[in-house]
Amino acid sequence: MIREEIEACLRAALKAARFPEPAAGIALAPADPEKGHGEWASTVAMQIQKAVGRRPREIAEALKTEIEAAPPPHFDRVEVAGPGFLNFFLTPGWLHDVLVDVVVAGDRYGRGESLAGRRINLEFVSANPTGPLHAGGGRWVAVGDAIANLLAAQGAVVHREYYVNDAGSQLDSFGRSLFARYEGREPPEDGYRGEYLVEMAARLRAELGDGVTETEAQEWGSRAVVEQIREDLERIGVHFDTWFSERALHEGGEVAEVIRELDERGYVYEQDGARWVRTSAFGDQRDRVLVKSDGSPTYLVPDIAYHRDKFARGWEHLIDIWGADHHGQVKSLQAALEALGYATGEPEIILGQLVKLERGGELVRLSRRAGDIITLADILDEVDPDVARLTFLLQGIDTAQTFDLDVVTSQSMENPVYYVQYAHARIASIARKAAERGVTRRPLEEVDLSLLQHPRELELLRALAAYPDAVAEAAELRAPHRVTTWVRDFARAFHGFYRDCRVIGDDDELTQARLWLAEACRIGLADALGLLGVSAPDEMARLDPDDADDADDPDGNDGAQPA
RNA sequence: GCCCCCGUAGCUCAGUGGACAGAGCGGCUGCCUUCUAAGCAGCGGGCCGGAGGUUCGAAUCCUCCCGGGGGCGCCA
C-alpha cells in the first residue's frame, strides 16, 4: 500500500536528516490534487519543529532533499508548501495499483484486522414487548445492524442480541390494558391506549375464546407482540441471533444471585426499608436502589444479571445501543458490573439521539401509550427497506434526526438511496451491454491500466483507495454514517465518470481497462452497500417524469399561492 | 440546579488540529442519434451560535455564555 511506502520514505528521510520522529506518529493524509496539494500530504515538519528548534519550512526543505534521494514508488515530485507541508505528487500508476488491489482482494477489499477474533455481543433495539416497533426505533434497527456488519468487517465475531423485557411493571400495565380491551373496557388512564390493542384483543378472543384471565392475556399478548416485532425486523432484513428473555433471568435465579453477589462483595446496604447498591464507589452520581421496600427488585437488577449472563456465555466485549433517553442509566449499569469485577467501561454503550417524525412540515408525536403511533411497519408499507435503512444511516447518531415522512415516502430525488443505487445499476448495465456486444474482460495482467488517465478515472480510483480507511474509521467510531458518506461521494464520482468516459468504445485497449475499472467500482460499491444493509440492484425502474412531478409536490408544502 | 447530545449555506446534513470550509435538496442556466437524464456541468449562496483561551495552526481541543433536544423515581 502506498501509504506505508510514503511513511517509510518519510521515516528514512527523518533519519537521514537526523531529525526525531514525532511521538504521535508521522502525520500523513490524502491530499486534494485539485487544490494543487498533490496526492498525499505530510505535516511532519510542523510536528517536530519544537523538538528540532528550526522553522518548519526549513525542516521540510531538508526532508525534501532526502526524499528526492530515496523516493517512494510512483514518485513524481515533492513540494514544500504553506507553513511547511510536504506535498507528494505521484504518477497515476499508484492508482492503477489500487485497481489491482481491489480486484485481487475482491469481496475482501475494505476488510480490516483491528478486531480480529474478538468475540463481541451487540445488543440493540430491545424495545419492550408492549406494542409494535415505532418508526423512530427503525434508527436503532438500521444503525445496529450496520455496526454489527462493520465490527465483523474488522474481523470480530459478532452476535446480534435482542433483550425481551417480558417481566416487570411495564408488561403488567400492558397486560391490564389488553385485558381491558378484551373485556370491552377502556384501558386504565396510565395504561396503553393505542388502537393496536383493540385489534389484538379481537385476535386474542378469536384464538383463545372466552374466559381468558388477565395473566393469560398478558402472556399471550407479549408473545404476539414479540412475534410481530420479529416479523417487522424480518421485513427490513435484520436477524437476531438471540432473543433473550428477562423472565428467564428471574426464573433461573440469576436476579437473586446478582443481589447476593453484590452483597458478598460489600456493596449492598439498607436504608429507608430498601436495599441499595453502592454504585457511587465506581463513578455513578449516586447509589441506586436494588430492592424496593416492597421486596421487589428494580429494573437495574435483571439488567445487571443480563449483562453478567452475556459474559458467562463467552462474549469478551459487550456493546449496547441505547436511545439517549436512557443515558442516565449508563453509569449505574457500568458501575454495578465493575463492582462485580468486570472491566471498567463494560458494557460499552452507544447512545443515539432520538428521531422526530415530521409530516407536512409538522412534527408527528410518537407515543405508544397515546395511540397515534406510526410504526416501522407503516413505513415499510410505503417504502422499501433500502429507502428506510439508508435514510436512518444518513447522519451521525449524535444528532437528533428529523425523519420527514413526505420525503421518505416520495420517490423523489431528495432520496439519496436512488442516487447511490443508480450508480450500481449503471455498472451492471455496462456489463450487460458488454456481454451483448460479445466484449469480455481479458485477464487483468494482460490489460494496460496505464490508459486510465482521465481525471474522472483517477478521481474514482482515489475514492476506492480511501474506502478501507473509511470502513475502519466507521467501525472504530461506531459510526456507520461514515460509510454512507463514502458511498455518496463515490456515487458522485462514478456518475461523473459514466457521463464523461464511455466504457464500451472503439478503442479495445481502453475498453478493457475501463471494464476492469467498472468491475473494481462494482466491488467497492456493492461491499459498502452491503455493510449498510442496502441492496445493490442491477437495474433501476425508469422514473416516469409525471410521477416525479407528483412526488415533488406533496400537499401541505409552503409554496406560491395559486393565482 | 446537575448530567448527556446538538448549533456549519434558504432547508437537511458531512467535515474526530492543518492549506482559500463541503455535499445533497431548493433557485437560475446549459447538456440526451451512442453503456437507463433517478444523470452531468455551471452560477448564486457562509462573522462554522457568541466571547475568551490552548496551539506554529481551531468548525474541530478547553472555559464561560446564549439557543434547541433528551435525562435527572423505591417507573422501565
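Every heavy atom of this structure was used, including side-chain atoms; hydrogens, water molecules and symmetry mates were not. Residue numbers begin at 1 in each chain, while the letters A, B, ... track the order of the sequences. Just so it is clear, the structure is predicted and the values come from calculations on it, not from any experiment.
Remark: A/Phe19 engages no residue in a ring pair (Phe, Tyr, Trp, His ring centres under 6.0 Å) (not counting sequence neighbours). When the side-chain contact (heavy atoms from CB on, under 4.5 Å) test is applied to A/Arg288, the partners found at least two apart in sequence or on another chain are A/Val277, A/Thr279, A/Asp284, A/Arg286, A/Leu300, A/Ser332.
Distances shorter than 4.0 Å separate none of the side-chain N or O atoms of A/Tyr299 from OP1 or OP2 on B/G73. The side chain of A/Tyr419 places an N or O atom within less than 4.0 Å of a non-bridging phosphate oxygen (OP1 or OP2) of B/C40. For B/G73, neither phosphate oxygen OP1 nor OP2 lies less than 4.0 angstrom from any side-chain nitrogen or oxygen of A/Arg288. The phosphate of B/A76 (OP1 or OP2) has no side-chain N or O of A/Gln170 nearer than 4.0 angstrom.
Pairs of residues two or more places apart, or lying in two chains, that qualify as salt bridge (charged side-chain N to carboxylate O under 4.0 Å, His left out) and include a residue from residues 468-486 of chain A are A/Arg3-A/Asp469, A/Glu348-A/Arg478, A/Glu473-A/Arg482.
Checking B/A76, B/A23, B/G39 against every side-chain atom of A/Arg492, the shortest atom distance belongs to B/A23. When each of B/C31, B/A76, B/C74 is scored by its nearest atom to the side-chain atoms of A/Arg499, the top-ranked nucleotide is B/C31. Across B/G39, B/G18, B/A14, the shortest atom-to-atom separation from the side chain of A/Thr43 is found for B/G18. For A/Tyr418, counting side-chain heavy atoms from C-beta on, the closest listed nucleotide (B/A38, B/C35, B/A37) is B/A38. Comparing B/A38, B/U34, B/A76 by their nearest atom to the side chain of A/Tyr422 picks out B/A38. Nearest nucleotide to the A/Ile430 side chain, out of B/G73, B/A14, B/C35: B/C35. Each of B/A19, B/G71, B/A38 was ranked by its minimum atom distance to the side chain of A/Asp325; first place goes to B/G71. Considering only the side chain of A/Thr402, B/C13 comes nearest among B/C13, B/U55, B/G73.
One can place CZ of A/Arg286 at 20 Å from P of B/G1, the figure rounded to the nearest angstrom. Taking atom CZ on A/Arg482 and atom C1' on B/U16, their separation rounds to 6 Å, with Å as the unit. If you take CG of A/Leu354 and P of B/G69, they are 13 Å apart, rounded to a whole angstrom. Distance A/Arg426 CZ to B/U34 P: 13 Å, rounded to the nearest Å. Remark: P of B/C56 and CD of A/Glu58 are 17 Å apart, rounded to the nearest angstrom. Here the P atom of nucleotide B/C72 and the CG atom of A/Asp284 are 13 Å apart, to the nearest Å. Between A/Glu473 atom CD and B/A14 atom P there is a gap of 16 Å when expressed in whole angstrom units. Nucleotide B/C40 holds its C1' atom 14 Å from the CZ atom of A/Arg502, rounded to whole Å.
Seen from the ring of A/Tyr498, A/Arg426 counts as a face-on cation partner, given the 6.0 Å and 45° thresholds.
B/G27 and B/A21 have their C1' atoms separated by 22 Å, with the value rounded to a whole Å. For B/C4 and B/G42, the C1' atoms lie 44 Å apart once the distance is rounded to whole Å.
Where stacking is scored as ring centres under 5.5 Å apart with planes under 30°, A/Phe85 registers as stacked on the base of B/A19.
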(request) If a protein heavy atom is under 4.0 Å from the base, mark B; if only from the sugar-phosphate, S; if neither, -; do that for nucleotides 2-10 of chain B going 5' to 3'. (result) SBSSS----

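In this structure the side chain of A/Tyr269 never reaches within 4.5 angstrom of the side chain of A/Arg275, judged on heavy atoms. Contact of the A/Phe392 side chain with the A/Gln401 side chain is registered, since non-hydrogen atoms from C-beta on lie closer than 4.5 Å. The shortest side-chain heavy-atom distance between A/Ile319 and A/Pro347 does not fall under the 4.5 Å cut-off.
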(request) Treat a base pair as Watson-Crick or G-U wobble with both distances under 3.5 Å, then lay out RNA chain B in dot-bracket form, 5' to 3', with | for cross-strand pairs. (result) (((((((..((((....[...)))).(((((.......))))).....(((((..]....))))))))))))....

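Ranked by how close their nearest RNA chain B nucleotide is to the 5' end, A/Thr298 and A/Leu86 are led by A/Leu86. Nearest-nucleotide mapping onto RNA chain B: of A/Met46 and A/Lys292, the residue sitting toward the 5' end is A/Met46.
A perpendicular orientation is assigned to the rings of A/Phe174 and A/Tyr192, their planes being inclined by more than 60° (bins at 30° and 60°). Ring geometry for A/Phe282 against A/Tyr267 counts as perpendicular: the plane angle is over 60°, on a 0 to 90° scale with 30° as the lower cut.
A/Asp166 and A/Ser222 form no side-chain donor-acceptor contact under 3.5 Å, judged by distance and modelled atom types alone. Looking only at atom types and distance, the side chain of A/Gln170 has no donor-acceptor partner in the side chain of A/Asn165 under 3.5 Å away. Counted by atom type alone, A/Asn128 and A/Thr130 present zero donor-acceptor pairs between their side chains at under 3.5 Å.
Checked against A/Tyr163 for a ring pair (Phe, Tyr, Trp, His ring centres under 6.0 Å), the options A/Tyr306, A/Trp322, A/Phe124 give a single hit: A/Tyr306.
As judged by a 4.0 angstrom heavy-atom cut-off over every strand, A/Arg456 is placed among residues touching the sugar-phosphate backbone only. Nucleic acid contact for A/Asp404: none, since no nucleic acid atom lies under 4.0 Å from a heavy atom of the residue. Within the nucleic acid shown, A/Gly352 has no heavy atom closer than 4.0 Å to any nucleic acid atom.
B/C5 shows a glycosidic angle more than 90° from 0 and is accordingly assigned anti.
Applying a 4.0 Å cut-off to non-hydrogen atoms, the residues of residues 25-39 of chain A that approach RNA chain B are A/Lys35, A/His37, listed by residue number.
At a cut-off of 3.5 angstrom, the base of B/C74 holds at least one donor-acceptor pair with the side chain of A/Ser293.
Under the 4.0 Å criterion applied to side-chain N and carboxylate O atoms, A/Arg462 and A/Glu457 are not assigned as salt-bridge partners.
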